[in-house]
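All ligand and atom numbering here is 1-based and tracks the order in the structure.
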Amino acid sequence: MSKKPTGFIDFLQFFKVLPARSLFLRKAPDGPIETLYGVNELAKRLHPEKQCLKVAAVTDHGDAKSFTLVPDPARGTNHCAFFRAGQYLSVELSIDGALVSKPYSICSGPADALAGSYTITVKRTADGFASDYILDHWDVGTEVTVAAPEGQFYYSPVRDAKTILGLAGGSGITPFHSIASGIVSGDVDADLILLYGSRSADSILLKDAFDALEAKSDRIKVVHVLSDDPDAEGYEHGFLSAELIEKYEPDQDYSVFLCGPAAMYAFVDKELEKLDLRTNRVRHELFGEAYHPEKLPNYPQDCVGKTYKVEVLIRGESKTIDCPADMTLLRAMEFAGIAAPSRCRAGECGFCHSRLVSGTVYVVPKGDGRRIGDLDYGWIHPCSAFPTSGVVLEVFPKAVS
Ligand SMILES: Cc1cc2nc3c(=O)[nH]c(=O)nc-3n(C[C@H](O)[C@H](O)[C@H](O)COP(=O)(O)OP(=O)(O)OC[C@H]3O[C@@H](n4cnc5c(N)ncnc54)[C@H](O)[C@@H]3O)c2cc1C
Ligand code: FES
């Protein structure tokens with residue numbers, strides 16, 4: 001009798017897959033298909049359309065607050081979807097008739113989600129809209145709706161070096177707290193050297209929390225860099241420079257993770273050029289929303305000060321709204337109370353993609369995450385598009401919005 005060699009693959013078996021699946025479906029009982037395959041249940045747990053949570057605790061940090069969010073079984077959510085340290089939650093808000101969703105990085109670690117909570121830390125923004133609303137209105141017991149965790153700003157062993165060199169400014173510290181928590185819990189197998197820029201010793205966000213994490217793991221080192229507090233002792237001073245990076249990690253065997261305000265990116269990117277790193281070793285968190293398009297390259301300056309009519313086609317209805325030339329189409333829809341889908345608000349995730357039926361728009365150069373085919377068929381991302389004429393826009397709502 002002939003023996004099959006070890007590792008033999010019987011490719012003919014593939015032809016039996018379709019008939020077997022058809023038979024399985026014919027015999028299946030009536031009811032939602034998700035329950036038939038365990039993997040669908042798993043997908044739903046990992047990527048729920050929405051998560052109904054409530055605020056369980058609030059920690060005040062002065063101009064920022066941390067909110068611990070737990071599942072709200074009364075509204076149908078029994079667990080927190082798992083996430084990768086560094087991802088964000090898109091929070092849905094209804095503020096004075098505006099329907100807004102804003103991204104906030106998850107600050108807590110993946111192990112906390114498994115144990116039933118997320119924490120986000122929200123910093124007050126001068127003349128901010130959603131952040132100020134959250135800071136002024138959320139308290140213990142507030143009901144909160146968020147989407148499944150999203151984002152690419154996480155450590156991946158197949159892509160990144162074993163050492164993460166984190167460069168953070170302002171509220172950009174939040175995903176690093178999650179990554180550091182993941183290192184302590186064993187969910188992230190990497191070392192973290194974090195250079196965190198703040199104005200003064202008093203304005204360092206989450207300092208005690210980082211001190212505690214550092215004490216628990218010798219894989220984490222945090223260096224605080226103060227820009228406006230020259231007399232404070234025990235800190236580095238100035239900005240996040242190439243010189244400082246070389247001082248703390250001279251051998252360059254690291255992946256740079258960068259998260260902070262747009263102004264910081266502009267400065268730090270120039271410093272990183274001096275180090276001549278491989279581009280795939282430098283990762284930016286999203287730039288976030290664009291304002292002041294008139295300051296961006298190739299913006300048609302004759303649009304400045306104008307307001308355009310935008311006809312929005314959504315759910316079989318048509319609504320015409322005004323959109324000032326310096327406001328993204330997404331923001332104008334939100335302020336008009338239109339539940340337009342969004343996640344990253346930075347042109348990258350594609351969740352808001354809509355069809356430009358007629359008219360013209362200016363697309364933010366650093367926020368154009370469209371594929372070439374999208375351009376051919378008139379798809380745009382309203383979160384990173386400003387009108388430059390009257391516009392007709394077809395919007396495709398998702399189940400959650
Ligand atoms: C992936 C990601 C993660 C994030 N994580 C966090 C986090 O963990 N914590 C956190 O606090 N934030 C985080 N943010 C930022 C957050 O999502 C909000 O963008 C931020 O809080 C400001 O939103 P807002 O609605 O309060 O302010 P906005 O209303 O968006 O205003 C922001 C600023 O822009 C100005 N502005 C608004 N509209 C215009 C206009 N038309 N023209 C000119 N200027 C204008 C305002 O005056 C204000 O100074 C994250 C962003 C991203 C993309
Ligand atoms: S919301 Fe992500 S691309 Fe527009």
Side-chain angles (χ1 to χ4, degrees), residues 61 63-67 86-93 95-96 98 100-108 118-137 146-147 149-154 168-178 205-206 258-263 265 283-296 304-305 307 323-335 340-354 363-364 366-371 374 379-386 395-396 398 401:
H61 308 288
D63 67 347
K65 286 181 185 173
S66 295
F67 299 92
Q87 290 192 300
Y88 65 84
L89 291 175
S90 190
V91 176
E92 297 190 0
L93 298 158
I95 309 172
D96 298 333
V100 182
S101 82
K102 289 267 174 170
Y104 292 97
S105 299
I106 304 169
C107 192
S108 46
Y118 301 118
T119 299
I120 59 170
T121 298
V122 179
K123 196 171 189 311
R124 200 171 285 281
T125 309
D127 300 323
F129 183 62
S131 295
D132 287 7
Y133 177 87
I134 291 172
L135 289 167
D136 297 338
H137 290 83
V146 305
E150 301 251 354
Q152 308 295 322
F153 194 68
Y154 53 79
S171 66
I173 191 65
T174 51
F176 292 109
H177 188 271
S178 183
L205 195 55
L206 303 174
L258 190 57
C259 187
Y265 285 11
R283 302 164 48 68
H284 296 81
E285 179 52 300
L286 298 172
F287 286 90
E289 283 183 78
Y291 309 99
H292 298 293
E294 71 282 1
K295 293 184 183 165
L296 299 175
V304 173
T307 294
C323 182
D326 64 353
M327 187 180 276
T328 62
L329 291 168
L330 174 65
R331 212 170 162 90
M333 287 191 281
E334 289 177 336
F335 280 134
S342 79
R343 287 282 188 274
C344 70
R345 305 182 74 90
E348 287 298 327
C349 73
F351 198 76
C352 68
H353 86 299
S354 304
V363 176
V364 178
K366 278 194 170 164
D368 194 355
R370 293 175 297 169
R371 290 162 300 183
D374 293 341
W379 292 104
I380 61 166
H381 294 167
C383 66
S384 63
F386 294 88
V395 176
F396 301 89
K398 308 292 184 290
S401 52

Legend entry - Closest contact, heavy atoms only, Pro382 versus Thr328: O-CB, 3.5 Å

Legend entry - Minimum heavy-atom distance between Leu258 and Tyr265, given as atom pair plus value: O-OH, 3.3 Å

Inset, instruction - Identify whether the distance between the nearest side-chain nitrogen and carboxylate oxygen of Asp132 and Lys123 falls below 4.0 Å. - result: no

Legend entry - Donor on one side chain, acceptor on other, Thr119 and Ser66, under 3.5 Å: no

Inset, instruction - Determine whether the side chains of Thr121 and His61 contain a donor N or O and an acceptor N or O closer than 3.5 Å. - result: no

Legend entry - Phe129 ring center within less than 6.0 Å of Phe335 ring center: yes

Legend entry - Nearest heavy-atom neighbours spanning Lys366 and Glu348: O-OE2, 4.2 Å

Taking distance alone, no hydrogens or angles, what donor-acceptor pairs closer than 3.5 Å link side-chain atoms of residues 168-177 to residues at least two apart or in another chain?
unit_1, atom_1, unit_2, atom_2, d
Thr174, OG1, Ser171, O, 3.1
His177, ND1, Cys107, O, 2.8

Inset, instruction - Using 2.8 Å as the cut-off, note every protein N, O or S atom close to atom 4 (Fe) of ligand 2. - result: Cys352 SG, Cys383 SG

Legend entry - Non-neighbouring partners of Arg345 that pass side-chain hydrogen bond (donor to acceptor under 3.5 Å, both in side chains), sequence neighbours left out: Glu289, Glu334

Inset, instruction - For ligand 1, would you mind listing the residues that have at least one heavy atom less than 4.0 Å away, ordered by chain and number? - result: Tyr88, Lys102, Pro103, Tyr104, Ser105, Thr121, Val122, Lys123, Thr125, Ala126, Asp127, Gly128, Phe129, Ala130, Ser131, Ser171, Thr174, Glu285, Gly288, Glu289, Tyr291, His292, Asp326, Arg331, Cys344

